[in-house]
Structures are given as structure tokens and as C-alpha cells.
Amino acid sequence: MKKCLKYSTVVFSSLVGVLLIIWLFNYSGLHDIWVHFKKIGLWQWLTIFGLTMLTVFFRVIRLKIIIEDVVIDKKILLKTYFKSKITEFTVSYLTPMMYVGGEWPQAYVLKKDAGIPVMQGLFSSLIEKIVDVLSFFALIFFTGILFLIEGKSFFGWLIIALTMTIFVILYFLMELIGIDKLLLFLSKILGLNKVNYKSDIIGKTSVGERITTLGKEVSAYLHRKETRLYLAIIFTLITFLLWFTQVYIILSAMGLHLQFDDLLIIKVLTLLSTLIPIPADVGALEGAYVVSFGLINLPAQAAIALSLVMRFFDFILIVCGISFIIHYTRRLVFNFVGLLEKENENNNNSKDNP
């Protein structure tokens with residue numbers, strides 16, 4: 001019953017997203033969207049592609065920094081980090097909540113290619129998510145400060161107050177309740193406490209119990225306040241700047257020139273849209289672009305054209321990620337078939353030799 005409810009929720013949310021994106025395209029007009037889209041020249045496309053790959057590189061380096069802080073004295077090839085990060089992005093992108101869900105595949109790739117224990121891989125992914133959240137808070141807080149400088153006192157203080165309130169609530173939740181208990185609560189909601197997990201070191205437990213242990217390790221890591229954590233936040237903020245550059249180049253090609261605070265508004269709203277539980281954020285992301293463009297008095301057609309360009313480069317990464325997933329899935333199937341053949345062979349030998 002629960003599985004049917006989950007699947008029906010995903011199907012329903014996907015349908016809502018598709019209907020929303022169809023409405024947005026009809027509202028904006030396909031011809032007007034194409035007029036803005038075709039203004040983007042070849043050099044802009046190549047530049048955006050280069051910035052996309054540079055963003056992936058910084059994400060990979062961030063993962064490398066965190067892994068090296070967790071796994072000591074283990075040399076891991078950069079291509080392993082790259083494959084794990086692209087795989088994580090692909091799975092997360094296609095899940096009902098964008099940018100969440102690819103942690104297990106990332107840990108699996110690190111396990112298979114570098115021998116990193118699964119729980120250490122998940123630990124690194126959890127640190128990455130915390131870094132993303134902290135970087136997002138820093139971005140919103142900076143937006144509020146910028147509004148104050150520009151004389152937009154109401155919006156500036158409103159953003160700062162909301163940011164500080166949410167941050168303080170989350171901080172006290174983690175300090176008073178503990179990350180481990182919060183993760184345990186989430187694992188119960190997701191039913192992970194009923195999923196078995198077998199380890200050669202600690203034996204048979206549940207995924208929920210391992211996640212609780214993981215939460216305690218994350219809490220200890222954060223309390224150490226390692227400089228590498230701050231370095232990871234800096235790398236995340238750099239990826240935000242690369243995104244700003246991409247958007248600025250695309251809109252400049254369309255004849256639209258934005259101020260930095262305009263870019264901040266677009267970024268904040270598009271990031272918030274990823275919290276809406278729709279696979280690949282279909283429709284919700286486009287809606288966020290249209291709403292943010294409306295706030296800064298820019299045409300909705302340009303917003304849809306921009307979203308198409310950004311989606312195009314996301315899909316390039318997803319194609320790479322799917323090829324990696326197929327590779328590892330094939331290996332998993334072949335290993336399973338090999339185990340079955342070996343088991344059958346052992347059974348036949350035991351029959352021949354009673």
C-alpha cells in the first residue's frame with residue numbers, strides 16, 4: 001500500500017509538472033521563446049559548456065577534499081571522483097526532490113572503484129549536503145545585505161530575518177536533538193529502519209541504525225570545524241559565481257543586461273523550486289525562472305529560453321551519468337550471474353561426490 005502511494009504520488013507530481021510546463025510554453029508563446037533562443041551564438045554555447053565543465057570540476061574537487069578528510073592515506077584517481085559525482089548528479093536530478101537521492105549511487109561507485117566503505121561514502125555525501133545548505137544560507141544572507149546597501153531596506157531586513165530565523169532553528173535542532181536523531185526520524189519516515197544492512201565489521205544491522213551512527217560521526221566532524229569544511233563552502237560559492245556568469249552571458253546574448261542583485265533573485269528562487277517534490281523539477285524550475293524574471297521586469301519568453309539552455313547542459317551530464325549507471329549495472333548483473341553459476345557448479349559437484 002505504501003509503495004503504491006509513493007508511486008502514485010510521483011506520477012501525480014510528474015503530471016502536474018508536465019501540465020505546468022505546457023501552460024508556461026503556451027503562455028509565453030513558442031515563437032517568442034524561439035526568437036530569444038536563437039539569439040544565442042556559437043561562442044556563447046561553447047562558453048556555457050566550458051563553464052558547466054568547470055562547475056563539475058569544482059564539485060569534484062570539493063568531493064575530493066571531503067573524502068581525503070574522511071579517508072586517510074588512500075590515493076584515489078580523479079576520474080573516480082568524476083564518475084561518482086556525475087552518477088550522483090544524474091540520479092538526484094531525476095528523483096522527486098532535485099539534488100537529493102544520488103548519495104547511494106555515489107557511494108557505490110566510490111566503493112567499486114576505490115574501495116571506500118559505503119558508510120564513509122555516504123558520510124561524505126551528507127557533508128556535501130550540509131555544505132550546500134550552509135552555502136545557500138550564505139548566499140541568501142548576502143542578498144539581504146546587498147538590498148540594504150542599495151536602499152531596499154524592507155526586503156533586505158526581511159531576507160536577513162528569515163535567513164537568521166531558519167538558521168537558528170536548524171542549529172538548535174541539531175544541537176538539542178542531534179543530527180543522529182533527526183536522521184533516525186527521517187529514516188523511519190522513509191522506512192529505512194526496516195531495511196537490512198550487512199557489514200563485515202559490525203555484522204547485520206538496519207540501514208536506519210547505520211544512518212544514526214552516521215549522524216553522530218557527522219556531528220563530531222562539524223564540531224571539529226576543520227578548515228577543509230570552510231574550503232568546501234568556498235568551492236560551492238565559486239560554483240554559484242560560475243552559474244551567475246552563465247546566466248549573464250546567455251541573457252546578454254538576448255540583449256538583456258542584469259545587475260548582480262537580479263542574478264541573486266533568480267538563483268534563490270530557482271534553488272527554492274528544487275524543494276518541490278517533482279521529478280527533475282519539471283515545470284517548477286521553469287515557473288521559478290518566469291516568476292523571478294517577472295520580479296525584475298524581464299520577459300517570460302527569455303526566462304523559458306534560459307531554462308531550456310540550462311536544461312540542455314544538464315542533459316549532457318545526465319547522458320554521461322546514464323552511461324556510467326549502465327556500466328555499473330552491467331557489472332552488477334554479470335557478478336550476480338557469475339555467483340549463480342558458481343553456486344550451481346558447487347551443487348553439481350556435491351551431487352557427484354556424495
Which heavy-atom pair separates I116 from G121 by the least distance, and what is that distance?
CG2-N, 4.1 Å

Is there a donor-acceptor contact under 3.5 Å from the side chain of S323 to the main chain of C320?
yes

Picking from T236, L237, I233, L139, what satisfies side chain to side chain contact (heavy atoms under 4.5 Å, CB included) with L134?
I233

So I145 and F141, side chain to side chain contact (heavy atoms under 4.5 Å, CB included) or not? Walk me through it.
CA-CA 6 Å; I145 295 294; F141 187 80; 3.9 Å; yes

If the condition is side chain to side chain contact (heavy atoms under 4.5 Å, CB included), which residues does I322 pass it with, not counting sequence neighbours?
T90, I318, I326

Considering residues at least two apart in sequence or located in another chain, which fulfil the side-chain hydrogen bond (donor to acceptor under 3.5 Å, both in side chains) criterion with D132?
R59, R62

Rounded to the nearest 0.5 angstrom, the CD1-CG distance for I140 and L264 is 10.0 Å

If we count only N and O atoms by modelled type, under 3.5 Å, do the side chains of T274 and D281 hold a donor and an acceptor together?
no

For T47, check side chain to side chain contact (heavy atoms under 4.5 Å, CB included) against everything at least two apart and list the hits.
W43, L51, I249

Trace of the side chain to side chain contact (heavy atoms under 4.5 Å, CB included) decision for F136 with L272:
CA-CA 10 Å; F136 183 52; L272 289 175; 3.8 Å; yes

So how far is it from I48 CD1 to I250 CD1, rounded to the nearest 0.5 Å?
4.0 Å

In Å and rounded to the nearest 0.5 Å, what is the NE2 to CE distance from H36 to M254?
7.0 Å

Intermediate values then yes/no, side chain to side chain contact (heavy atoms under 4.5 Å, CB included), W45 and V309
CA-CA 9 Å; W45 282 101; V309 175; 4.0 Å; yes

K129: partners by salt bridge (charged side-chain N to carboxylate O under 4.0 Å, His left out), with sequence neighbours left out:
E88, E103

Does any donor atom in the side chain of Q106 or S84 lie under 3.5 Å from an acceptor atom in the other side chain?
no

Could you pull out the closest heavy-atom pair between P105 and V91, with the gap in Å?
CG-CG2, 3.7 Å

Cluster overlap F312 with V35, hydrophobic side-chain contacts below 4.5 Å
no

Does any non-hydrogen side-chain atom of W34 lie less than 4.5 Å from one of L30?
no

For residues 244-260, pull every pair meeting side chain to side chain donor-acceptor pair (under 3.5 Å), keeping only residues two or more places apart or in separate chains.
T52-Q246

For a ring pair (Phe, Tyr, Trp, His ring centres under 6.0 Å) check, start with the C-alpha distance between W243 and F58, then their side-chain angles and the critical distance, and finish with the verdict.
CA-CA 12 Å; W243 186 90; F58 277 112; over 10 Å; no

Between NZ of K83 and CG of L77, what distance do you get to the nearest 0.5 Å?
9.0 Å

With sequence neighbours excluded, what pairs up with D261 under the side-chain hydrogen bond (donor to acceptor under 3.5 Å, both in side chains) test?
K152

Listed pairs under 3.5 Å, donor-acceptor, residues 285-305 side chains, sequence neighbours left out:
from : atom 1 : to   : atom 2 : distance (Å)
E286 : OE1    : G283 : N      : 2.9
E286 : OE1    : R311 : NH2    : 3.3
E286 : OE2    : R311 : NE     : 2.9
E286 : OE2    : R311 : NH2    : 3.2
S292 : OG     : A288 : O      : 2.9
S292 : OG     : Y289 : O      : 2.8
Q301 : NE2    : S28  : O      : 2.9

V247 and L306: which non-hydrogen atoms are nearest, and at how many Å?
CG1-CD2, 3.9 Å

Can you name the residues that form a side-chain hydrogen bond (donor to acceptor under 3.5 Å, both in side chains) with K267, not counting sequence neighbours?
none

Would you please test F324 and F82 for side chain to side chain contact (heavy atoms under 4.5 Å, CB included) and show each step?
CA-CA 11 Å; F324 294 146; F82 177 80; 4.1 Å; yes

Look up atom CG in L256 and atom CG in L251, then write down how far apart they are to the nearest 0.5 Å.
5.5 Å

Run the salt bridge (charged side-chain N to carboxylate O under 4.0 Å, His left out) test against K64 and tell me which residues pass, sequence neighbours left out.
E68

Could you grab the distance from atom CZ of F49 to atom CZ of F313, nearest 0.5 Å is fine?
7.5 Å

Can you list everything that forms a ring-ring contact (aromatic ring centres under 6.0 Å, His included) with F142? Sequence neighbours excluded, please.
none

Could you identify which residues cluster with V319, counting Ile, Leu, Val, Met, Phe, Trp and Tyr as linked when any side-chain heavy atoms lie under 4.5 Å apart, either directly or through a chain of such contacts?
none

Hydrophobic clusters here meaning ILVMFWY residues chained together by side-chain heavy-atom distances under 4.5 Å, can you tell me if L269 and F260 are in one?
yes

Suppose we screen for side-chain hydrogen bond (donor to acceptor under 3.5 Å, both in side chains). Which residues come up paired with T87, at least two apart in sequence or across chains?
none

